[in-house]
Amino acid sequence: MVKVLKSGFFTSIQDNGRFGYRNKGVPISGAMDKKALDKANLLLENPHNAAVLEITMTGPTLLFENRTFICLTGAELSATLNNEPITNYMVHEVKKGDILSYGRLESGFRGYLAVKGGFKTEVVLGSSSQYLPLTPAKCIAEFEELVFEEAANFKPKITALKIDSYFHERELKVRKGPEYGMLSDEQLKLLFSKEFTVAKENNRMAYQLNEFLPKHTHNILTSATLAGTVQVTPAGKLIILMKDGQTTGGYPRVLQLNEEAICVLAQKREGDGVSFKLI
Amino acid sequence: MEWPAAVNEKILEDILQFNRLLQMEFDASWEVVPAYNSLTLINNVDSIEFQKVENTLARLYAELDYGAKADRFLWTLPVCYDLEFGIDAEDVAAKLNISLNELVERHSSYEYTVFGIGFLPGFMYLGGLPKNLEINRKATPRLKVGKGAVGLAGKQTGIYPQDSPGGWNIIGNCPIPMFNVKAKKPCFVSVGDKIKFKPISKAEHQLYKIEGEVGIYEPEKIPLNG
């Protein structure tokens, strides 16, 4: 078990996501940066859908009440184990009474903490991913206890992976969305030549961008949207839906980020620059 | 896949019949989302060969049997139009120049078609609102509209499935959860179904709310294509 001494800015349990209920309006949820999730679970030789903690900007302080092995991936959040710095993308042994805490955000925006075997929190409709109101809370809270199974012995096949470098990547790889054809020449030119910045409205549901495209008057009948769908509002605002994003929308869907680009964007915070590149 | 851009029962029926066929041909790695004039196929597991899938879809569409119809239901949902819940009802009735009774009578006498489910878990996009119930959304959205609130806005009526900000005019409350993770079917309504509202008293609202929360309330349903 892990006791949450401090919850951090926004720390939630996430796995691969919740599938099979999009036609009822349920977002897929799951880790925003799937690459980081996968690497943490890979190093610990966990099932690929094991639940981890997704840590946003400011990390929690956690007291381990059982032995286990942990792995941190994603953003560099200057983590320490009993006040000793520990390295991301590496397996660390943790003993009863150890305290994991986080410091300064050095790169990226979302870090991941996996434990051997994964967190055994409540599974709702096939997923542990926290999403209100399907799960009772949207994130973890102070003094909450998160269950995992004690792991006394584990010899990892791989003890460390190269630290990912895409946190500094600015280019988002995109494909044409269903309403790509609605973009005017002027909008297209701007879309692919300009650098955009992440607005303060950025969260697990969507990332808005600060810079506007020229206005438009196109409306579409409400249709399905995906994580990574780029919508343009009539005012010209660009909204990129993320993992907790709504499953349908009525704005033109002009671009679609691939999973890799979603990972890149998930590591961006307010003010960071991004550009679009068609693949 | 897209059909002509129109809010149209015939198009919806075509989409639903095609969806029924897809459910038999496509395995569980696929999710299919119908809405208004589109059917979106999403594969959660594999990367796909687009051309192969496209060919399969074209073949299936050509084989579509218009005799075999998709299961569709008419659901009757209870709504308490008491002013305790219908916080904008007086304002709406005044703007439409009708009495409160007429407002309730009108709203509960039509059948609305579910053209889509999205925005929030269990939120239904309902079509078929009569012209004489069309009213602009509120100039300033409320920061919180309660779960179950029944609203009017433009050409739409609907139920807020959870507490959320919203700009619709609220005329009542439906005590039955539109999405309940504890129920065997978390969302009993499907795209293509129809909804009719039945006025209930405050006492009934209280009772159905408890029944709904524990999952024993059975909404009335009538098969449409049977």
Side-chain angles (χ1 to χ4, degrees), chain A residues 16-30 34 48-49 122-127 129-136 138 175-179 181-182 205-206 218-229 241 243-253 256 258-260, chain B residues 1-8 11-12 15-16 19 22-23 28-45 47 50 114-127 147 156 161-164 177-183 185-192:
Chain A
N16 267 347
R18 186 172 282 115
F19 298 98
Y21 298 92
R22 292 193 224 231
N23 61 344
K24 305 293 185 183
V26 180
I28 57 167
S29 300
K34 193 173 180 306
H48 77 289
N49 198 29
E122 192 186 357
V123 175
V124 177
L125 303 181
S127 168
S129 295
Q130 288 188 301
Y131 172 78
L132 200 70
L134 264 64
T135 55
K138 62 180 177 182
R175 290 196 165 83
K176 294 176 182 177
E179 283 76 49
M182 283 184 182
M205 286 170 76
H218 298 290
N219 257 315
I220 64 161
L221 284 170
T222 292
S223 186
T225 49
L226 308 174
T229 297
L241 296 176
K243 294 293 175 92
D244 284 347
Q246 55 191 67
T247 56
T248 59
Y251 298 130
R253 301 156 295 178
Q256 177 65 44
N258 63 12
E259 189 69 46
E260 198 190 327
Chain B
M1 298 179 69
E2 269 181 10
W3 279 251
V7 181
N8 180 312
I11 287 172
L12 188 65
I15 292 172
L16 293 170
N19 188 15
L22 290 187
Q23 299 300 325
S29 67
W30 291 88
E31 280 190 83
V32 183
V33 184
Y36 288 97
N37 69 325
S38 66
L39 196 60
T40 306
L41 284 86
I42 302 143
N43 195 301
N44 294 314
V45 181
S47 51
F50 184 78
V114 183
F115 278 97
I117 298 177
F119 169 55
L120 294 169
F123 179 86
M124 302 177 286
Y125 292 88
L126 297 177
K147 177 180 174 179
Q156 287 190 293
Q162 65 193 57
D163 290 350
S164 69
M178 295 314 295
F179 200 95
N180 185 356
V181 290
K182 293 192 187 79
K185 275 191 170 178
C187 177
F188 52 85
V189 175
S190 297
V191 172

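Chain letters run A, B, ... following the sequence lines, proteins first, then strands; residues in each count from 1. Everything numeric here is computed off the predicted structure, so don't read it as measured data.
- For B:Pro186, the part sitting under 4.5 Å from any heavy atom of chain A is the side chain, from C-beta outward, and nothing else.
- Counting heavy atoms from C-beta on, the side chains of A:Asn23 and B:Ser190 never come closer than 4.5 Å.
- Heavy atoms of B:Phe115 lying under 4.5 Å from chain A are absent altogether.
- Only the side chain of A:Tyr131 comes within contact range of chain B, with heavy atoms under 4.5 Å apart.
- Applying the side chain to side chain contact (heavy atoms under 4.5 Å, CB included) test to A:Phe19 and every residue at least two apart in sequence or in another chain returns A:Arg22, A:Ile28, B:Glu31, B:Asn44.
- A:Glu179 meets the side chain to side chain contact (heavy atoms under 4.5 Å, CB included) test with A:Met182, A:Ile220, A:Pro252, A:Arg253, B:Glu2; sequence neighbours excluded.
- Taking the side chain as every heavy atom from C-beta outward, A:Leu226 and B:Ile42 approach each other to under 4.5 Å.
- B:Leu39 does not touch chain A: none of its heavy atoms, backbone or side chain, sits under 4.5 Å away.
- Note on A:Asn16, A:Leu134, A:Val124: by heavy-atom pairs under 4.5 Å with chain B, the leading option is A:Leu134.
- With a 4.5 Å cut-off on side-chain heavy atoms, A:Leu221 and B:Ser38 do not count as touching.
- Between chain B and the residues A:Gly17, A:Gly245, A:Ala224, the most heavy-atom pairs under 4.5 angstrom are made by A:Ala224.
- The part of B:Ala6 that comes within reach of chain A is its backbone (N, CA, C, O), which places non-hydrogen atoms under 4.5 angstrom from that chain.
- Counting only heavy atoms from C-beta outward, the side chains of B:Phe119 and A:Thr222 never approach each other to under 4.5 Å.
- Only the backbone of B:Val32 has a heavy atom closer than 4.5 Å to any heavy atom of chain A.
- Using modelled atom types, no side-chain atom of A:Lys24 and backbone atom of B:Phe188 make a donor-acceptor pair closer than 3.5 Å.
- Per-residue counts of heavy-atom pairs under 4.5 Å with chain A were compared for B:Ala28, B:Ala35, B:Pro121, B:Gly118; the largest is that of B:Pro121.
- Using a 4.5 Å cut-off between heavy atoms, B:Tyr125 touches chain A through its side chain atoms alone.
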